[in-house]
Amino acid sequence: MFLMSSNPNRLSISQMASARPPVPTGDGAAYLNGLNPEQRDAVLHTEGPLLVLAGAGTGKTRVLTSRLAHIVATRLAYPSQTLTVTFTNKAAREMRERAQALLGDAGEGLRWLGTFHSISAQILRKHAELVGLKSSFTILDTDDQIRLCKQIVQAENLDPKRWTPRYLAGLIDGWKNRALTPSKVPPEEAELFGNGKAIKCYEIYQARLRVLNACDFGDLLIHNITIFQESPDILREYHDRFRYILVDEYQDTNVAQYLWLRLLAQGSKNLCCVGDDDQSIYGWRGAEVDNILRFEKDFPGAKVVRLERNYRSTRHILAAASSVIAHNKGRLGKTLYVGNDSAVNEDTDAPKVKVRGLWDGEAESRLIADDIESWVRGGGRHDGCAVLVRASWQMRAFEERFILLGIPYRVIGGPRFFERAEIRDAMAYLRLIRSPDDDLAFERVVNEPKRGVGDTSLAKLQSYARQDGRSLFTLTPMVLQTDEIKGGAKRGLTTFIDQINLWRGKLAGGMPHTELAEMILEESGYTDMLQKDRSPQAQTRLDNLKELVRAMGEFDTLAGFLEHVELVMDASAGGNGEDQVQILTLHAAKGLEWPVVFLPGWEEEVFPSRRSLDESGLKGLEEERRLAYVGITRARERCYISFVANRQIYGRWQAVMPSRFIDELPPEHVDAVSETGYSGLPASADAFSGTIEDLGERSDYQSPGWKRLKENAGRPTGAPPRDAAGLTATASGTSGFTTGARVFHDKFGYGRVAFSEGNKLTVDFDKTGRKKVIATFVTKA
DNA sequence: CGATACGATCTTTTT
DNA sequence: GATCGTATCG
């Protein structure tokens with residue numbers, strides 16, 4: 001909702017006079033109070049390339065806002081001559097608010113402050129014809145992309161099981177992240193999809209987009225780059241415009257974004273990037289940490305400022321985070337200092353980081369809920385607490401527990417409003433009314449609600465459309481005149497076309513778009529369909545649709561609303577300010593902080609995630625470790641890390657090992673408590689050895705698995721259980737499991753025993769033909 | 001064409 | 001365990 005002033009480059013004299021605020025906060029010092037004079041000077045006055053390496057909690061956003069405000073306030077440039085880029089809308093919003101608070105009215109002119117995508121979309125709308133698009137192009141989201149890919153896979157006669165459309169979409173995305181157009185993709189990568197058809201599919205995909213007058217998110221950047229490279233005079237225009245460029249979270253830029261920035265920065269050379277290589281956690285979506293590591297080479301003469309003084313967290317928390325991240329290689333090397341004059345950091349009574357081992361996920365959520373309750377009893381607030389998980393499936397256990405105890409909570413992230421099926425359906429109707437050529441929208445709703453138009457009819461229409469090169473909507477009436485489609489399908493299509501035309505007429509006739517939306521939902525039978533559905537989700541869906549209509553009301557026109565949704569995709573209604581515990585993923589937590597942070601699920605294969613390790617090896621592990629670093633540094637006062645011995649993953653019980661990151665914590669800053677007799681920290685491991693009988697005296701649990709172990713009483717710990725209950729035990733492993741063994745957990749019969757170093761033993765029971773790991777005996781090195 | 005049954009799959013997320 | 005997509009049947 002920016003882009004208001006129509007002429008960004010011109011401010012009238014009177015506007016300038018009134019737009020001139022005082023230099024922020026006197027000498028600008030107060031707002032940058034964490035910096036020494038040299039750093040402050042560099043941040044405010046550097047001309048030419050500048051990289052600010054800002055560790056967690058060192059005031060990254062402040063640096064950017066202060067610099068921006070300073071540039072404008074001292075009239076080095078008009079607001080419209082600055083370009084400020086962030087990754088998320090949220091960050092952009094925050095930056096705008098802070099800058100406006102410093103600048104007053106002058107802040108209004110920050111026309112070029114936004115996400116990479118929103119800014120490149122603005123630029124692309126002006127020059128769309130240079131890349132074969134109309135300026136009214138549609139921006140496709142992930143769902144549309146995948147459906148397009150599916151069509152390509154079908155058209156190429158590929159087996160969609162072997163070659164999934166999702167994978168193709170991922171490949172194309174990956175190439176676009178690397179700024180590779182079809183002709184630039186290395187030929188050997190053709191093998192990556194459909195027996196050498198990868199690049200061909202990419203070409204078809206791009207051709208389809210052009211026909212649809214659409215582009216995907218990656219294209220926004222790629223088309224910009226093409227335009228800049230092929231039209232030097234246009235590039236020069238932007239060079240003249242952007243005197244100062246500021247970039248947030250530089251460690252998250254991908255190759256395309258890097259090239260885009262480099263092209264734009266060739267003009268003034270005033271490129272200021274802020275980032276932290278230790279917080280790069282988006283490698284899996286194309287971010288190149290290398291960009292930040294290479295900055296000084298890429299931009300010769302660059303000044304580099306390191307901000308290492310943290311004013312957020314206690315010394316124990318900082319020590320824990322630093323100790324873990326120190327295990328990564330290939331960093332720019334930054335040590336987080338404890339701010340000398342910060343009471344928080346100095347607090348000698350501050351609690352150490354707590355590490356706790358529990359039997360299972362249920363015990364874990366119980367404990368965390370108890371901790372939250374006692375924090376609140378002690379005068380704390382719910383919204384001062386956050387539970388940060390690695391993957392969203394881990395959230396459910398906490399939700400269930402919080403509901404049971406009546407602890408108010410909010411899940412951040414999760415399925416997004418605009419990605420819900422009913423919202424996308426409603427949006428598709430609106431899109432189709434705006435642009436009849438939007439085939440993807442047509443396909444989505446032509447039979448939703450059911451109109452008797454099935455795959456066969458649709459396939460016929462599509463084949464006509466492909467021959468003719470025109471869109472489904474324009475072609476359908478002609479096909480209907482023939483007898484190609486009969487019966488129910490014909491009737492359904494006729495009403496569909498008529499209705500869309502009718503609604504389009506209403507819109508042209510000046511009907512308010514919210515009213516139109518209600519009319520569509522009603523007349524199409526969509527509301528009816530949901531009302532007849534008595535499943536519990538149906539009501540939520542109806543509510544969502546109401547919310548959609550409400551959200552539309554905030555925009556003056558349908559076009560304005562659609563543009564907003566395509567790019568911003570966030571129902572920023574907010575709902576903040578409520579006193580709720582927050583449950584979110586580690587990724588979503590970046591940039592946020594709380595007094596109390598819980599980090600559950602620190603188990604091998606969960607965190608670090610197995611997939612990450614499988615797919616990206618050491619690189620993946622290091623990214624996981626950065627995630628741990630981000631997690632710990634979100635905490636201001638208290639940080640609770642926990643792991644369990646048994647975890648239910650996808651409904652199956654699994655024995656799990658404590659995360660290696662736990663071993664990387666500094667013992668002197670950590671309190672470790674284990675209820676399983678094993679903490680992962682050698683110093684505090686409550687180990688015992690002996691025979692299986694010993695277990696019975698140490699635990700209250702009486703599960704079936706437990707009994708099974710008891711049946712083996714008298715046998716040495718670590719020995720495979722004897723055949724029991726018709727199960728066949730097979731053991732693989734080597735010697736050393738009869739003496740010195742340490743049983744560190746057992747509840748469900750999934751036991752683990754540590755024994756002398758270098759040995760590994762797994763016991764499987766094979767009953768139903770499926771192999772099931774009942775007990776795993778592992779050496780703790 | 002639409003309803004049902006079975007089976008494969010299952011991170012992280014923004015735009 | 002829950003969901004999604006495909007295969008099959010009515």
Side-chain angles (χ1 to χ4, degrees), chain A residues 85-92 114-121 139-147 150 154 159-162 164-167 170 173 176-177 215-221 249 252-254 256-257 280-287 388-397 412-416 418-419 421 447 449-459 485-489 491-492 537 563-570 584-591 601 605-616 620 623-624 626-627 630-631 648-653:
Chain A
V85 215
T86 64
F87 276 84
T88 65
N89 290 300
K90 195 173 144 223
T115 63
F116 276 100
H117 293 90
S118 72
I119 289 173
S120 40
I139 301 163
L140 301 185
D141 65 17
T142 321
D143 201 79
D144 293 323
Q145 269 183 68
I146 292 174
R147 286 190 308 143
K150 195 174 165 186
Q154 278 165 355
D159 174 14
K161 268 192 187 146
R162 172 79 181 81
T164 66
R166 179 179 291 276
Y167 181 67
D173 248 12
K176 289 185 176 176
N177 284 336
C215 63
D216 59 25
F217 288 119
D219 277 346
L220 294 172
L221 265 300
E249 308 274 21
D252 287 337
T253 47
N254 60 33
Q257 287 156 340
S280 159
I281 54 175
Y282 285 107
W284 48 274
R285 100 183 175 206
L388 312 186
V389 297
R390 176 62 181 82
S392 43
W393 58 263
Q394 295 169 271
M395 294 177 172
R396 207 176 52 182
I412 300 178
R416 308 209 164 276
F418 284 103
E419 283 164 20
N447 203 28
K450 300 274 175 283
R451 292 189 182 86
V453 184
D455 293 344
T456 332
S457 316
L458 191 59
I485 293 171
K486 303 186 202 68
R491 276 194 301 276
Q537 296 116 5
E563 166 91 11
H564 171 81
V565 173
E566 283 167 351
L567 266 175
V568 182
M569 289 291 270
D570 104 46
L584 58 163
T585 61
L586 286 161
H587 285 89
K590 195 166 74 162
E605 321 235 304
V606 174
F607 184 46
S609 134
R610 203 194 90 191
R611 276 251 322 236
S612 189
L613 265 51
D614 285 353
E615 282 171 16
S616 320
E623 183 150 314
E624 296 285 305
R626 290 193 288 269
L627 217 38
V630 168
Q648 233 176 342
I649 301 173
Y650 302 137
R652 294 258 155 259
W653 282 101

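Here is the naming used below: chain letters follow the sequence lines, and residue numbers restart at 1 for every chain.
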Are side-chain heavy atoms of A/L221 and A/H117 found at a separation under 4.5 Å?
yes
What is the nucleic acid contact for A/S457, judged by heavy atoms within less than 4.0 Å: base, sugar-phosphate only, or nothing?
sugar-phosphate
Show each protein N/O and nucleotides 2-6 of chain B N/O combination with a separation under 3.5 Å, one pair to a line.
from	atom 1	to	atom 2	distance (Å)
B/dG2	OP1	A/G452	N	3.3
B/dG2	OP2	A/N447	ND2	3.3

If you compare every side-chain N and O of A/N89 against the phosphate oxygens of B/dT15 (OP1, OP2), does one of them come in below 4.0 Å?
yes
Whole angstrom value for the distance that separates C1' of B/dT12 from CD of A/E605:
17 Å
Could you state the atom-to-atom distance from CG of A/L388 to P of B/dT13 in whole Å?
12 Å
A/R285 has an atom CZ; how far is it from atom P of B/dT12, in whole Å?
13 Å
Give A/E624 one of three labels, base, sugar-phosphate or nothing, depending on what nucleic acid heavy atoms sit under 4.0 Å from its own.
base
Value rounded to 0.5 Å, distance of CD in A/E249 from CZ in A/F87:
7.5 Å
Judged by each residue's nearest nucleotide on DNA chain B, which is more toward the 5′ side, A/T585 or A/T456?
A/T456
Do A/V630 and A/L586 make a side-chain contact, defined as non-hydrogen atoms from C-beta onward lying under 4.5 Å apart?
no
Report the residue (A/A391 or A/F87) whose heavy-atom-nearest nucleotide on DNA chain B is the more 5′ of the two.
A/A391
Do A/Y282 and the base of B/dT13 stack face to face, with centres under 5.5 Å apart and an angle between planes under 30°?
no
Within the structure provided, determine whether A/L220 and A/L567 are in side-chain contact (heavy-atom separation under 4.5 Å).
yes
Given A/E624, which partner from the list A/R390, A/R611, A/R610 fulfils the salt bridge (Lys or Arg N to Asp or Glu O under 4.0 Å) test?
A/R390
Between CD1 of A/I412 and C1' of B/dT12 the distance, given in whole Å, is 16 Å
Interatomic distance, A/R166 atom CZ to A/D173 atom CG [nearest 0.5 angstrom]
11.5 Å
Do A/V606 and A/Q394 touch side chain to side chain, with heavy atoms closer than 4.5 Å?
yes
Distance in angstrom units between A/I649 CD1 and B/dT12 P, rounded
13 Å
If you look at every strand shown and take non-hydrogen atoms under 4.0 Å, does A/R390 touch a base, only sugar-phosphate, or nothing?
base
Provide, to the nearest angstrom, the distance between the CG atom belonging to A/D173 and the P atom belonging to B/dT13.
16 Å
For the base of B/dT12, is there a side-chain donor-acceptor partner from A/S392 under 3.5 Å away?
no
Looking only at side-chain N and O atoms, does A/T142 come under 4.0 Å of OP1 or OP2 in B/dT14?
no
Which listed nucleotide (B/dT11, B/dT12, B/dT15) is nearest to the side chain of A/S609?
B/dT11
Starting at atom NE2 of A/H564, determine the distance to atom C1' of B/dT15, rounded to an integer number of angstrom.
13 Å
Nucleotide nearest A/L567 (side chain, heavy atoms from C-beta), chosen from B/dT13, B/dT11, B/dT15:
B/dT15
Short N-O contact, A/D144 and A/R147, less than 4.0 angstrom
yes
Shorter than 3.5 Å, N or O on both sides, protein versus nucleotides 5-10 of chain C: list them out with atom names.
none

Anti versus syn assignment for B/dT12, with syn defined as within 90° of 0
anti
Among B/dT13, B/dT15, B/dT11, the one nearest A/A588 by side-chain distance
B/dT13
Return the minimal non-hydrogen interatomic distance between A/E623 and A/Y282, and the atom names on each side.
OE2-N, 3.6 Å
To the nearest 0.5 Å, what is the distance between CZ (A/R285) and CG (A/N254)?
9.0 Å
